[in-house]
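Below, all heavy atoms of this structure are taken into account, side chains as well, without hydrogens, waters or symmetry copies.
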Amino acid sequence: MTTFRDRSDVFADLGTKLSIAEIFETLIDGDMPIRLTAYDGSATGPEDSEFALDIKTPRGINYLATAPGDLGMARAYISGDMTATGVHPGDPYELLRAIDSLKFRRPSALALVTIARSLGWERLRPVAPPPQETLPRWRRIALEGLRHSKARDAEAIHHHYDVSNTFYEHVLGPSMTYTCAVYEDENWTLEQAQENKYRLVFDKLRLREGDRLLDIGCGWGGMVRYAAKRGVKVIGATLSAEQAEWAQKRIAAEGLSELAEVRHSDYRDIAESGFDAVSSIGLTEHIGVHNYPFYFDFIKSKLRDGGVFLNHCITRHDNLRTTKAGDFIDRYVFPDGELIGSGRIISEIQNIGLEVVHEENLREHYALTLHEWCKNLVANWDACVAEAGEGTAKVWGLYMAGSRLGFQRNVVQLHQVLGVKLGPKGESGLPLRPWWQP
C-alpha cells in the first residue's frame, strides 16, 4: 500500500494537499485493517475487506479531527456522518473486533500543518455533538453539582435508565434485567441465565421465608420480585422514576404488594435497618470510588448482626488504572461512572469492618449476556428506533458490542463479593463451607 506517513518531502512542500484516505494513512500505525472510504472519493485499506467505514460528510471529519479516538468516532457514527457496512447497527461487534488492533501514531509538527491545510482550517473547529451526548465532566459541576452528589447522581441515572421502558423491554427481554446473567451452559437462553443469577444471589444470601432484604439499585425489580415470590419481605430502591413505576406495576400484577416495594429513592435515604440481607446488583459502578467507605458503611448499618450482603459489579482487571470511564462511555452511556479492580472493593469492605467470605469473577458470563442483548436489539431494531430514535439505538448497539469485546479481552470483569456483618464476638453464624450451588 502506498502511504505518506514517512514522506517528509511531501510534508515540506507547502503546496501539498492530502486526501482524507492519505491523512488516515499518515495517522495509522500499521496498515488499515478494514476498508475506509470518504466523501472526497479517496479510499484506503483492503478492497476485499468484509467491513468498511465511509466518512460521508465534512462534519464527520470535524468530529474525528476535534475529538481523536473513541469519542470522535462515536460522534461521527451516531450522527450518521460516518456509516459502517458489513454489520448491523444493533450489533457492530465483528467490525469492532476487526479494528481492535488499530493504533494511531503521533504525527510530526510538519505533518500536522499539512493535514490541517489539506482538510481546511474550518474542519478543526468544534461543532455541536449529537443530541445523545451529555455534557463534559467540567460542565456538569456547574449545572448538576459535584460528582456523586444526590442531584448529580439522579441526573446521571436519568440519562442512562430513563430512555424508555419499552425500549428496554425490547433489548433486555422478559426478565427486564440489566445486569450480568449467570450461565451453566453457553446454550442456555438469556432468560434461563437471568433467573439463575437471581437464584444464585438469593442462595448466597441464605434468604428464607420471613426474612427481610434490602436491594439497593434494584432496577426494574427483578431481584425484589424473585425474593418476594419466596416469602421474603423486600424493599428495593432506584433513582430512576421510570424503573420504579414499572416495577411497582409488575409487583401489583404478580400479587406481591404485601411483601415487595420498589421506591423511587436514593439508597442513602432508606431509613429502615435490621435487614437479614442486602443485595447490590450493578450499583457500585455509579457511586464513585472515593465514596466506597460511605457506601459499604451504609450497607453495614442496614444489616443485623450476622446479616449477609452481596455486591455484584463491573470492575477493572487490576487496581492500578484510572477509575474514570473513557470519553464515549462517560458522554453517551454512564455519566460519572467509575471502575476499579475487585481488590480495591474487597479492601474497602474489610476496612469498614465487614468480613468477606467469598468472591468470584463472572467476566465471561457478561460477554454472553451482552451478545444476547445485541441479538435482541437487532431483532427489534425497527421498534427500538421508533421508540428512542436511530441515534440512541446506535449508541446502544455500539456500547453493548464494545463492552462484549471488553469482557472477552479481559479489559473489564464482573465480580460478586459476599460478606457478613459479624456479631460482637466475631461470630458469623455461617456454615463452614459454601452453602449454595455454583
Side-chain angles (χ1 to χ4, degrees), residues 90-91 153-154 156-183 189-198 200-201 215-227 236-251 262 264 267 279-287 310-315 325 329 332-337 339 362-363 365-380 384 387-388 392-393 395-404 406-407 412-416:
D91 187 9
D153 279 354
I157 293 299
H158 169 73
H159 176 86
H160 187 71
Y161 292 100
D162 290 343
V163 175
S164 155
N165 285 333
T166 301
F167 179 88
Y168 278 105
E169 287 171 351
H170 289 312
V171 175
L172 303 180
S175 75
M176 281 294 274
T177 300
Y178 185 37
T179 48
C180 176
V182 178
Y183 289 78
T189 67
L190 176 62
E191 294 309 306
Q192 284 178 296
Q194 291 292 15
E195 180 81 1
N196 189 45
K197 185 262 301 297
Y198 289 131
L200 179 63
V201 173
D215 185 35
I216 54 180
C218 68
W220 290 271
M223 184 68 208
V224 171
R225 288 181 285 109
Y226 184 95
T238 173
L239 275 175
S240 167
E242 289 200 22
Q243 285 182 337
E245 181 182 7
W246 190 98
Q248 281 295 99
K249 288 180 179 178
R250 181 60 66 89
I251 286 168
V262 168
H264 176 214
Y267 76 91
S279 53
S280 174
I281 306 173
L283 175 64
T284 316
E285 302 90 331
H286 299 287
I287 66 170
L310 184 139
N311 192 75
H312 168 122
C313 74
I314 301 169
T315 72
I329 294 294
Y332 284 91
V333 186
F334 291 115
D336 295 338
L339 301 178
L362 300 171
R363 173 178 66 84
H365 295 253
Y366 219 153
L368 293 170
T369 305
L370 286 155
H371 185 208
E372 292 301 313
W373 289 342
C374 281
K375 284 168 60 177
N376 285 344
L377 180 55
V378 170
N380 297 293
C384 287
E387 183 66 25
T392 296
V395 168
W396 280 82
L398 186 61
Y399 145 63
M400 294 192 299
S403 296
R404 177 187 171 195
F407 281 103
V412 281
Q413 300 178 344
L414 187 289
H415 286 262
Q416 284 191 352

For this session: Determine the minimum heavy-atom distance between Val201 and Ser279, stating which atoms define it.
Result: CG1-CB, 4.3 Å

Problem set entry | Nearest atoms (heavy-atom pairs only) where Leu370 meets Arg404 | CD1-N, 3.5 Å

For this session: Looking only at non-hydrogen atoms, find the nearest pair between Val182 and Leu362 and report the distance.
Result: CG2-CD1, 3.8 Å

Seminar exercise, completed: Shortest non-hydrogen pair, Ser164 vs Glu242, comes out as CA-OE1, 3.7 Å

For this session: Determine yes or no for a side-chain-to-main-chain donor-acceptor pair under 3.5 angstrom, with Glu285 supplying the side chain and Thr315 the backbone.
Result: no

Exercise. Just by modelled atom types, is the Leu239 backbone N or O under 3.5 Å from a matching donor or acceptor in the His264 side chain?
Worked result: yes

Exercise. Can you name the one residue among Tyr183, Phe407, Tyr178 that meets ring pair (Phe, Tyr, Trp, His ring centres under 6.0 Å) with Tyr366?
Worked result: Phe407

Exercise. Where does the angle between the aromatic ring planes of Tyr168 and Trp396 fall among parallel (under 30°), tilted (30 to 60°) and perpendicular (over 60°)?
Worked result: perpendicular

Exercise. What pair of heavy atoms forms the shortest contact from Gln248 to Val262, and how long is it?
Worked result: OE1-N, 2.7 Å

Exercise. Do you know the tightest heavy-atom contact between Gly236 and Val224?
Worked result: CA-CG2, 3.9 Å

Seminar exercise, completed: The side chain to side chain donor-acceptor pair (under 3.5 Å) partners of Glu195 (sequence neighbours excluded) come to none

Exercise. Would you call Arg225 and Ile251 a side-chain contact if the rule is heavy atoms closer than 4.5 Å?
Worked result: yes

Problem set entry | For Gln192, side chain to side chain donor-acceptor pair (under 3.5 Å) partners two or more places apart | Thr189

Problem set entry | Donor-acceptor pair between Lys197 and Thr177 side chains, under 3.5 angstrom | no

Exercise. With Ala237, which residues qualify under side chain to side chain contact (heavy atoms under 4.5 Å, CB included), at least two apart?
Worked result: Ile270

Exercise. Taking Thr369 for the side chain and Ala181 for the main chain, is one N or O donor matched with an acceptor at less than 3.5 Å?
Worked result: yes

Problem set entry | Straight-line distance of Cys313 SG to His286 NE2, nearest 0.5 Å | 10.0 Å

For this session: Please determine, by modelled atom types, if Trp246 and Glu169 share a side-chain donor-acceptor pair under 3.5 angstrom.
Result: yes

